[in-house]
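In what follows, a structure is listed as structure tokens, so that the remarks can point back to it.
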Amino acid sequence: MEISSKKPVGRFRQIVEIPSNIRKRRDPRFDDLSGKFNDDLFEKSYSFLNEYKKSEMEEIKKRISKEKDPEEKQKLQQLLNKLQSRAAHESNLNRKKQLKREQKKKERELIAQGKSPFYLKKSEEKKLELVDKFKKLQKSDSKVLDKVIEKRRKKNASKEHRYIPFKRREALYTPLLLYMVYNATNFAASYPNHVSLATIVHVSSWIIQFIGHGFFEKRSPALKDNLVQALLLAPLFVWLEVLFHLRYRSSLRQRVMNKVGVAITKYKKGQRQTAE
């Protein structure tokens with residue numbers, strides 16, 4: 001019987017008949033007959049590779065110290081950096097796996113005592129990793145810990161800053177500027193000699209400020225250190241104090257107050273040392 005050519009042929013079809021006596025090939029990576037992958041057993045079986053990688057890095061370091069060609073030395077240094085970065089990444093992954101194993105072991109012991117099973121979320125796993133990293137850094141140099149905390153603080157601050165639109169950030173200072181312009185315009189319209197009065201008030205304020213700094217605080221004014229800070233940033237500082245009292249960005253306020261406390265402590269300590 002002849003088959004019509006108008007009928008479309010299926011895409012998945014067997015063109016050549018395979019004899020049944022020919023053994024079918026299989027891929028052991030995706031076949032259940034090869035068994036299940038055991039990560040722990042794999043790491044134990046191939047742990048000798050870690051020693052080989054360490055010896056390879058030591059060999060590259062020796063070659064770098066002996067190499068005189070700058071281009072070849074740069075290539076070797078790049079290769080060494082790559083291997084060190086990979087080793088640090090693998091060490092970090094192994095530590096995360098170890099933390100998970102320890103948590104599972106504790107959970108099994110609690111389940112054996114009658115507790116209902118509890119499974120950690122990804123966010124809670126990250127918290128455990130951060131706590132472990134912090135404890136590890138505490139044992140090391142304090143400068144490294146400070147750098148890591150500062151980096152984490154900047155990252156969190158950038159996340160918070162992302163949620164505030166640019167127009168809203170600029171609008172925070174707008175009410176204060178409008179209020180200042182309104183007062184200046186109203187003052188100029190109410191008093192004919194407004195220029196002389198404003199000059200007297202301005203000069204008197206500066207004199208009072210110098211007296212306050214000299215006799216009460218016993219410190220030099222900010223004008224002496226930074227003119228821009230004294231003239232432009234001081235009103236913004238007062239405005240931010242008002243916003244902080246209105247619960248604006250309490251996390252930022254807490255960080256600022258912490259830094260201010262540290263600076264005051266250092267200043268008082270220096271004053272005591274000079275007095276002694």
Side-chain angles (χ1 to χ4, degrees), residues 123 126-127 130 134 142-276:
S123 59
K126 286 183 179 179
K127 285 180 183 178
L130 282 174
F134 181 76
S142 60
K143 292 181 180 179
V144 178
L145 178 62
D146 293 339
K147 285 182 181 178
V148 172
I149 291 174
E150 183 67 18
K151 188 177 179 182
R152 175 66 60 175
R153 184 195 66 76
K154 287 181 180 179
K155 187 177 180 181
N156 293 336
S158 64
K159 283 182 180 179
E160 288 183 3
H161 212 57
R162 199 185 307 159
Y163 293 107
I164 304 175
F166 288 100
K167 291 183 180 179
R168 185 179 167 190
R169 293 176 206 163
E170 294 169 358
L172 290 173
Y173 201 33
T174 304
L176 179 61
L177 291 174
L178 291 175
Y179 179 71
M180 291 166 67
V181 171
Y182 170 76
N183 280 339
T185 308
N186 192 23
F187 180 77
S190 301
Y191 299 95
N193 55 343
H194 56 275
V195 177
S196 57
L197 286 173
T199 305
I200 293 169
V201 171
H202 195 70
V203 173
S204 302
S205 301
W206 279 109
I207 293 170
I208 293 168
Q209 186 185 19
F210 287 134
I211 293 170
H213 279 290
F215 289 96
F216 295 100
E217 293 186 1
K218 306 293 183 182
R219 293 178 64 186
S220 60
L223 178 65
K224 186 178 177 182
D225 300 330
N226 194 330
L227 182 64
V228 177
Q229 179 181 348
L231 297 179
L232 299 179
L233 297 182
L236 180 60
F237 172 76
V238 175
W239 180 236
L240 281 175
E241 283 287 326
V242 174
L243 291 175
F244 285 155
H245 283 293
L246 296 175
R247 305 292 182 184
Y248 168 73
R249 295 191 70 180
S250 56
S251 60
L252 174 63
R253 182 179 183 275
Q254 187 64 38
R255 290 198 300 270
V256 171
M257 294 306 294
N258 290 340
K259 288 195 172 184
V260 169
V262 172
I264 290 172
T265 306
K266 287 182 179 179
Y267 172 75
K268 288 182 177 178
K269 189 177 179 181
Q271 288 289 94
R272 287 196 217 98
Q273 289 176 355
T274 52
E276 292 173 357

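Heads up: numbering here begins at 1 and tracks the sequence. Quantities reported herein were computed from a predicted structural model and do not represent experimental measurements.
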Any side-chain heavy atom of Tyr179 within less than 4.5 Å of one from Asn183? yes

To the nearest 0.5 Å, what is the distance between [atom1] ([X]) and [atom2] ([Y])?
X      : Y      : atom1 : atom2 : result
Arg253 : Glu241 : CZ    : CD    : 7.0 Å
Ile264 : Lys259 : CD1   : NZ    : 14.5 Å
Tyr182 : Leu178 : OH    : CG    : 12.0 Å
His194 : Thr199 : NE2   : OG1   : 9.5 Å
Phe244 : Gln254 : CZ    : CD    : 10.5 Å

Please list, chain by chain and in numerical order, all residues satisfying side-chain hydrogen bond (donor to acceptor under 3.5 Å, both in side chains) with Asn193, sequence neighbours excluded. none

Phe187, CZ: over 12 other non-hydrogen atoms inside 6.0 angstrom: yes

Glu150/Lys147 ion pair, N-O < 4.0 Å: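 Salt bridge between Glu150 and Lys147, a charged N being under 4.0 Å from a carboxylate O: no.
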
